[in-house]
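Structure first, commentary second.
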Amino acid sequence: MIDEYLEGLNAAQRAAATHTDGPAIIIAGAGSGKTRVLTLRLAYLLSRRLASPFQLMALTFTNKAAKEMRRRIETLIGSDARSLPMGTFHSVFSRVLRIEADALGYTSSFSIYDEEDSESQIRTIVKELNLDDKRFKPRVIKNNISKAKNFLVSPSEFSARHIIDEFTETTAKVYHIYQNRLQRSNAMDFDDLLVNMVVLFNSRPDLLHKYQHKYRYLMIDEYQDTNHAQYVIAKKLAAVHENIVVVGDDSQSIYSFRGATIENILNFSKDYPDAKTYKLEQNYRSTSTIVEAANSVIENNVKRLPKNIFSLKEEGDLIGLIVGETEVQEAEKVVDSIREQKLRRNLNNKDFAILYRTNAQSRTLEDALRRASIPYKVFGGMSFYRRKEIKDAVAYLRLALNPYDEESIKRVINYPARGIGNTTMERLLQAAYENNLRLWDVILRSDRYLSGRSWSAVNAFAALITSFQNAALNTSAYLAAEYIIKASGMLEDLHQPKDFEMMDRYENVMEFLDGVKEFTENPDNEVRSLSAFLNEIALYTDADKDEESDDYVSLMTIHASKGLEFHSVFVVGMEEGLFPLSMSLDNRESLEEERRLCYVAMTRAKEKLTLSQAKRRMRYGNLEFTEPSRFLDEVNPKYIGTKTRSAAEKKPTIPVEPPRNLKALKPISAAATAPSENLGANTPDIAVGHTVEHDRFGRGIVVRLDGPPEDRRAVVDFPGRGEKTLLLRYAKLVVVQ
DNA sequence: ACGATTTAGATTTTT
DNA sequence: TCTAAATCGT
């Protein structure tokens, strides 16, 4: 059975899927059948009896990816798949940490703070320290602390080694207090779920040993997006058996702003000199036009692993280009194109995705789709679990298990209103911080700090939460949740039939309760306690939702589109400053990340890709003139056009960029753009010994030429940067002499 | 204590 | 433009 599946793979895929022992890296290009290889390898290990299911650990980044992999494995090996420790880094580690919580001074019912909770906690600390929150923005401090954690820099290390100015000094101070608060709240933030694994392994070699031996085979998906902490944990876990297989694509590393270090994948072979490398270079998803167009863009990045992604599918349509006068017209043209394609190709709404760089862009597109009565769905944005009413409900549940959870207390102590206002709250918090007590302990002994009306209000709240604790202990997850939500008074507050929005929220809370019920009744879940439910939703995002089979056009950011594919894809807002985003223009690293993002966007398309831009766009309430994205210039023009290739070759559609200093004066004309100058499509007369200029590497000398004429490559020696092999077709080389 | 009004700031987000 | 936090007024 497994063998049969293996037969269906290409040579590279089969080699990777049957890799058994020792370290290996699988470079899996977009659409290269990565998940298939991964699942088959797991099944292969099991069928060869090299490991039992619970000895494999497979880590992914999204719940969705984990779920998909589990589903596919189940079809291969049956219900054994259920015992595979497979999941996201955060969920797998959170389970380990709950088991080993004692060793870290936590209880197993610790809360998981989301980023809102973290920021709110940091905001409180900044206020307490009487700092100017304009100069010391809580959000920036939070991001810096997060970064420190991702690089495993502890508060004391941060103080000792990372203070270079007043800001870092403050960050250090806040970091210390923040970490103490978390511990006192019996809470971990997302980063702690990783950091504490390292802390655990460092402080308890016996436990490290235990897990090293427990998991004989370690597999990591999307390795290009791992951060330093994840890298260290993986290295420690794999140190005994060295059965570590990582899968990734450096060209799709788009989360460095979250601490991902692309070096992890670039250096894997240095970390494990014996590592085998498998390259999955055949793209089964997209037409060759799309694959090659995407290649022509990504070629402009310096930092890459060498590989040659190709497609054997037919050429298909050329890449469409839409230019709108304004973002409104851009959206209308996109919608027109969707309608046209639907008719011509007999497609459904589901076959289309519109991708954008920033969430703010969705609005215009939504309007245009609504006007055309085309059903659509916006992914991301305000997720269900980030809604206020849901966060309130979750806070009550969290408190039932962990009353020390300070952020949850603050959230619901006066919601619904029970007469505990700011003054009272300030008093309680002050009592807690001055006496180094936990907020919950202060609330339990509020007689010492309060009197009269505010005391009785706080006392009643304490009694309420205590009753919730009992409910959580003594009944099933669903019954407890139902009781807690009802007794909290939330539902009465929201149930206002006259107020449409309030009723909407009421419905959401009811839906949330249904979710709890579903969770408790789902036989797939091994543990169905309230605690397990909370753990799951803390690490859950909207992107994980299974989508019903409704027929709609998908709207999402490019980030959210990673791993997905659509028949026809529109990438909108291809303008300098928007994509690439202006904040990433100042250094090469971040510009390359934008380019990888562009690569990800383009490779989502199976049959038809359309890029679009607007000449004018409203930004922050005022009209701005734009210039086309450099990524448009980077797409080899021979792949861009409207209908047929020959038509495109006669009529190039890439607009010429005006001189940068004239951009504000650029005329707004509806006329088609001027024919482009030679962008390197035809290979200029370059010979060995010529000095050439490359727009990124500067000047260099051609040392060698090879490859067939249509694929001519030049090896150029750039002083100080070494020899680079450049495809003349793509590299814009200018002969200097 | 709570709602109304003003002001500042913003851009990507697997968990 | 739009949201969220800060401030103001009752």
Side-chain angles (χ1 to χ4, degrees), chain A residues 59-66 87-94 112-116 118-120 123 127 133-134 137-140 143 146 149-150 188-194 221-227 229-230 252-260 327 355-364 379-383 385-386 388 414-425 453-454 457 535-544 556-564 573 577-585 590 593-594 596-598 600-601 617-624:
Chain A
L59 300 173
T60 64
F61 272 83
T62 62
N63 297 302
K64 198 181 194 173
T88 63
F89 280 91
H90 292 79
S91 76
V92 170
F93 296 164
S94 73
I112 296 173
Y113 276 8
D114 66 15
E115 293 195 71
E116 241 179 273
S118 303
E119 192 179 325
S120 150
R123 188 176 305 269
K127 260 187 221 145
D133 65 0
K134 302 249 156 29
K137 292 185 185 123
R139 233 183 120 191
V140 179
N143 288 337
S146 174
K149 288 185 175 190
N150 287 159
M188 296 189 195
D189 64 18
F190 286 146
D191 301 320
D192 286 339
L193 296 177
L194 308 176
D221 192 14
E222 307 281 17
Y223 194 67
Q224 76 279 359
D225 289 329
T226 49
N227 61 35
Q230 288 161 325
Q252 294 185 67
S253 163
I254 55 173
Y255 282 100
S256 77
F257 69 96
R258 292 289 262 143
E327 78 273 21
L355 310 182
Y356 35 77
R357 179 64 243 261
T358 67
N359 277 312
Q361 290 167 256
S362 77
R363 209 184 184 79
T364 329
F379 291 79
M382 181 63 103
S383 91
Y385 288 100
R386 281 216 295 269
K388 182 190 176 299
N414 200 33
Y415 178 77
R418 32 175 92 83
I420 305 173
N422 279 333
T423 345
T424 310
M425 200 54 208
R453 260 222 304 263
S454 54
N535 193 52
E536 181 164 297
I537 62 161
L539 305 172
Y540 189 97
T541 49
D542 235 22
D544 303 323
M556 65 186 86
T557 62
I558 300 166
H559 281 92
S561 76
K562 199 169 94 174
L564 305 176
L578 183 58
F579 189 26
L581 215 44
S582 52
M583 64 203 313
S584 47
L585 294 179
S590 57
E593 176 140 328
E594 295 284 307
R596 292 193 292 270
L597 208 43
C598 183
V600 168
R617 181 179 294 275
M618 284 290 243
R619 275 248 259 180
Y620 304 140
N622 48 44
L623 190 67
E624 283 178 15

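Numbered from 1 within each chain, the chains take letters A, B, ... in sequence-line order.
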Can you tabulate the close N/O pairs, meaning under 3.5 Å, that link protein atoms to atoms of nucleotides 9-11 of chain B?
residue : atom : partner   : partner atom : Å
dT11(B) : OP1  : Arg139(A) : NH1          : 2.7
dT11(B) : OP1  : Arg139(A) : NH2          : 3.2
dT11(B) : O2   : Arg619(A) : NH1          : 3.1
dT11(B) : O2   : Tyr620(A) : OH           : 3.0
dT11(B) : N3   : Tyr620(A) : OH           : 2.8

query = How close or far is atom C1' of dC2(C) from atom CG of Asn622(A), stated in whole angstroms?
reply = 13 Å
message = Applying a 4.0 Å non-hydrogen cut-off, can you work out what Thr423(A) is touching in the nucleic acid: base, sugar-phosphate, or nothing?
response = sugar-phosphate
query = Within the structure shown, what part of the strands sits under 4.0 Å from Glu222(A) by heavy-atom distance: base, sugar-phosphate, or nothing?
reply = nothing
ask   = In whole angstrom, what separates Ile254(A)'s CD1 from dT13(B)'s P?
value = 9 Å
note = Base-paired stretches in DNA chain B with three or more consecutive Watson-Crick or G-U pairs, both distances under 3.5 Å, amount to B:1-10 with C:1-10
Separation of atom CG in Asp191(A) from atom C1' in dT14(B), rounded to whole Å = 13 Å
ask   = If you measure from the C1' atom in dT11(B) to the same atom in dA6(C), how many Å do you get, rounded?
value = 23 Å
Atom pairs, protein N/O to nucleotides 2-5 of chain B N/O, distance under 3.5 Å:
residue : atom : partner   : partner atom : Å
dC2(B)  : OP2  : Asn414(A) : ND2          : 3.0

key: Where Ser584(A) and Ser590(A) come nearest, the two heavy atoms and their spacing   = O-OG, 3.0 Å
key: Interatomic distance where CG belongs to Asn143(A) and P belongs to dT13(B) [whole Å]   = 14 Å
inquiry  = Strictly distance-based, threshold 3.5 Å: is any side-chain N or O of Asp191(A) a donor or acceptor partner for the main-chain N or O of Lys149(A)?
reply    = no
query = For Leu539(A) and Ser94(A), which heavy atoms make the closest approach, and how far apart are they?
reply = CD1-OG, 3.8 Å
message = How long is the straight-line distance from CD of Gln361(A) back to CG of Leu355(A), given to the nearest 0.5 Å?
response = 10.5 Å
message = Counting the benzene-type ring for Trp, do His559(A) and Phe257(A) have ring centres under 6.0 Å apart?
response = yes
ask   = Roughly how many Å is it from CZ in Phe379(A) to P in dT13(B), rounded to a whole number?
value = 14 Å
ask   = Whole-Å distance between dC2(C) C1' and Arg363(A) CZ?
value = 8 Å
ask   = Are Tyr255(A) and dT13(B) stacked, counting the six-membered base ring, centres under 5.5 Å, planes under 30°?
value = no
task = First locate atom CD of Glu222(A), then atom CD1 of Ile254(A), and finally report the distance between them rounded to the nearest 0.5 Å.
result = 8.5 Å
task = Flag the pair Glu593(A) and Arg357(A) as a salt bridge only when some basic side-chain nitrogen lies within less than 4.0 angstrom of an acidic carboxylate oxygen.
result = no
ask   = Where is the tightest heavy-atom contact between Phe89(A) and Leu194(A), given as atom of each residue plus distance?
value = CB-CD2, 4.2 Å
message = Please determine whether a side-chain nitrogen or oxygen atom of Ser584(A) lies at a distance below 4.0 Å from atom OP1 or OP2 of dT12(B).
response = no
ask   = Taking 4.0 angstrom as the limit, do Asp225(A) and Lys562(A) come out as a salt bridge?
value = yes
ask   = Could you give the CG-to-C1' distance, from Asn63(A) to dT13(B), as a whole number of Å?
value = 14 Å
key: CZ-CZ distance between Phe61(A) and Arg258(A), expressed to the nearest 0.5 angstrom   = 11.0 Å
task = Locate the shortest heavy-atom distance separating Phe579(A) from Gly573(A); write the atom from each residue and the value.
result = CB-O, 3.6 Å
ask   = Given atom CG of Asp114(A) and atom C1' of dT14(B), what is their separation to the nearest angstrom?
value = 15 Å
remark   = Here the gap from Asn227(A) atom CG to Asn150(A) atom CG, rounded to the nearest 0.5 Å, amounts to 4.0 Å
